[in-house]
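Predicted model only: the values in this text are computed from it and were never measured. Residue numbers start from 1 in every chain, and the chains themselves are labelled A, B, ... in the order their sequence lines are given, proteins ahead of strands.
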There are 2 protein chains.
Amino acid sequence: MGSTAYRGRGRPRGFVEEEALDRAIRVFWEHGYEGASLSDLTAAMGINKPSLYIVFGSKEELFKRAVARYRDTYVAYAAGTLEEPTAYAVVESYLRAAVDALTGSGHPPGCLSIQGGLSCAPANSGISEFLAGYRAVFEGELAQRLARAEKEGDLEAGTDTAALARFVMSLSQGLAVHAAAGARREDLQAAVDVALRAIAAYLPAGNPVAPATETTGA
Amino acid sequence: MGSTAYRGRGRPRGFVEEEALDRAIRVFWEHGYEGASLSDLTAAMGINKPSLYIVFGSKEELFKRAVARYRDTYVAYAAGTLEEPTAYAVVESYLRAAVDALTGSGHPPGCLSIQGGLSCAPANSGISEFLAGYRAVFEGELAQRLARAEKEGDLEAGTDTAALARFVMSLSQGLAVHAAAGARREDLQAAVDVALRAIAAYLPAGNPVAPATETTGA
DNA sequence: GCATTTTTGTACCGGATGGTAAATTGGCTG
DNA sequence: CAGCCAATTTACCATCCGGTACAAAAATGC
């Protein structure tokens, strides 16, 4: 709790845990859980296998730690978008930010929660399930936020907000698939333009929230 | 060419090539290229490794043959949807049929072209690229079809038809991610309902194509 | 019947995998 | 200084990986 971390009696660690984890994130992100071998991981992390096992326990636990840190860093933007004042603003800012994140420079394209392991060998089926659960969390938060918007009169009464959230998350996951395959940022933003027209169709009549011009790219 | 196939001189084959390929499709579909071991494959196909290598050449060639047959069987519905008379009907029938295919019984949920290997070990990066190219083919065909629709006055003049196609394909790929994680058919159809509202926004004024009621599920 | 041809079953190959045992290193404590 | 202890290095483990060599089996052609 603070900067005066207790430095135990033994030999001090030759690496910073968070830094090593960041390196591991990249490897998992690029190659997936099964495509990332321990040799790849330790080489990128700058440590060797016994150190990895002492600190992280196993490859699976390392992966889960990596996903958790990925959420708290690379996907930290998502929570903020839920605080936009209107449903339309929430969806717009989430999808815009997602495309920017999916195609950002300085890290692999796409999304760790999908590339990590959409389907795995029978022995690793737990990884796919773990990631599916992880993805479901934000979809649930978005659905709740949209349900609140409907109560606040910010969406047409009777709107299926769960379906709306599922639509938004499906689109962003499909955009992640495109990004992983090398799609350009502005092309994905143009697809978001289309999606926003759908959201606009759910606004109550006379609602002034819909945008005058489409902003493509960033 | 016909039913009188030439039966060579040697020992006759103990299996039908297409049947074995169908079994392989399931294994790749469920576990991905890297998650499907040769042992898994040969066990499911009912043959042993030398037979597999004589007939299919290698694991990679087997996979590509599997994807080709998958396209010609499980995804055969897609080509037909392009022949619907209007842009709206094309998109609606494609998305409806895609959800039904993604959640169909009697085969793994989701889509082989995504689960097969969104990201791979460095040695298998060719697989991800192969699948990305495969996915791009139908997106291109859909974009062409929508461009024709715009020329025919079936979509607003000036519509970004490439973006529209990218939107539709991104959504369907995201629905595939959801399906692979176990999403229910009717929940995915409800997300399609939302998407169709976006398409409706691109119809010329006074176009009577938009549906009166949303048909959820099938 | 016998040689030929192709597929089959079995057993094996080198290499990589995730994971560890054992011993060395290096810094703290007394 | 000696004693301790954790993190390091190195070497190794059993197992599985994709892929093959080899010989037995089963059909045809002569």
Between B:Glu60 and B:Asn124: side-chain donor-acceptor atoms closer than 3.5 Å: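 No, no side-chain donor-acceptor contact under 3.5 Å.
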
One pair to check against side chain to side chain contact (heavy atoms under 4.5 Å, CB included): B:Phe63 and B:Leu131. What are the steps and the verdict? CA-CA 10 Å; B:Phe63 181 72; B:Leu131 287 177; 3.9 Å; yes

Any residue of residues 44-53 of chain A with a heavy atom less than 4.0 Å from an atom of DNA chain D: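 Within residues 44-53 of chain A, the residues near DNA chain D are A:Asn48, A:Pro50, A:Ser51.
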
Which of residues 28-42 of chain B sit near DNA chain D, with a heavy atom under 4.0 Å from it?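 Close to the strand are B:Ala36, B:Ser37, B:Leu38, B:Ser39.
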
Nearest heavy atoms of A:Tyr53 and A:Ser58, plus distance in Å: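 Closest approach of A:Tyr53 to A:Ser58: CE2-CA, 3.6 Å.
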
Proximal nucleotide (of C:dG27, D:dT8, C:dT7) relative to the A:Pro12 side chain: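 Among the listed nucleotides, the one closest to the side chain of A:Pro12 is C:dG27.
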
Please determine, for the side chain of A:Ile54, which listed nucleotide (C:dT4, D:dT8, C:dG19) has the closest atom?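 Looking only at heavy atoms from C-beta outward on A:Ile54, the closest nucleotide is D:dT8.
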
Under 4.0 angstrom between A:Arg9 side-chain N/O and C:dT29 OP1 or OP2: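 No, outside the criterion.
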
B:Phe28 and B:Tyr33 aromatic ring geometry - parallel, tilted or perpendicular at 30°/60° bounds: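 B:Tyr33 and B:Phe28: parallel rings.
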
Give me the ring orientation class for A:Tyr77 and A:Tyr94: parallel if the planes are under 30° apart, tilted from 30 to 60°, perpendicular past 60°.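 Rings of A:Tyr77 and A:Tyr94: parallel, as their planes differ by under 30°.
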
Neighbours of DNA chain C within residues 112-128 of chain A, by heavy-atom distance under 4.0 Å: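 Contacts with DNA chain C under 4.0 Å: none.
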
Going by modelled atom types, is there a donor-acceptor pair between the base of C:dT8 and the side chain of B:Arg11 at under 3.5 Å?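 Per atom types, no contact qualifies.
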
Under the ring pair (Phe, Tyr, Trp, His ring centres under 6.0 Å) rule, collect the residues that match up with A:Tyr70, sequence neighbours excluded.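 A:Tyr70: ring pair (Phe, Tyr, Trp, His ring centres under 6.0 Å) contacts with A:Trp29, A:Tyr74.
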
On DNA chain C, nearest-nucleotide positions of A:Ser58 versus B:Phe15: which is more 5'?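 Its nearest nucleotide lies further toward 5', so the answer is B:Phe15.
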
Go through the structure and list residues passing side-chain hydrogen bond (donor to acceptor under 3.5 Å, both in side chains) with B:Arg184, not counting sequence neighbours.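 Partners of B:Arg184 under the side-chain hydrogen bond (donor to acceptor under 3.5 Å, both in side chains) test: B:Glu186, B:Asp187.
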
Check this for me: does any side-chain nitrogen of one of [X] and [Y] sit under 4.0 Å from a carboxylate oxygen of the other?
X: A:Arg65; Y: A:Glu61; value: no
X: A:Asp193; Y: A:Arg96; value: yes
X: B:Glu19; Y: B:Arg23; value: no

How many whole angstroms separate atom [atom1] of [X] from atom [atom2] of [N]?
X: B:Leu62; N: D:dG18; atom1: CG; atom2: C1'; result: 12 Å
X: A:Lys59; N: C:dT17; atom1: NZ; atom2: P; result: 9 Å
X: A:Phe63; N: C:dG19; atom1: CZ; atom2: P; result: 14 Å

Selection residues 103-117 of chain B - residue pairs positive for side-chain hydrogen bond (donor to acceptor under 3.5 Å, both in side chains), sequence neighbours left out: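 Those involving residues 103-117 of chain B are B:Thr103-B:Arg185.
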
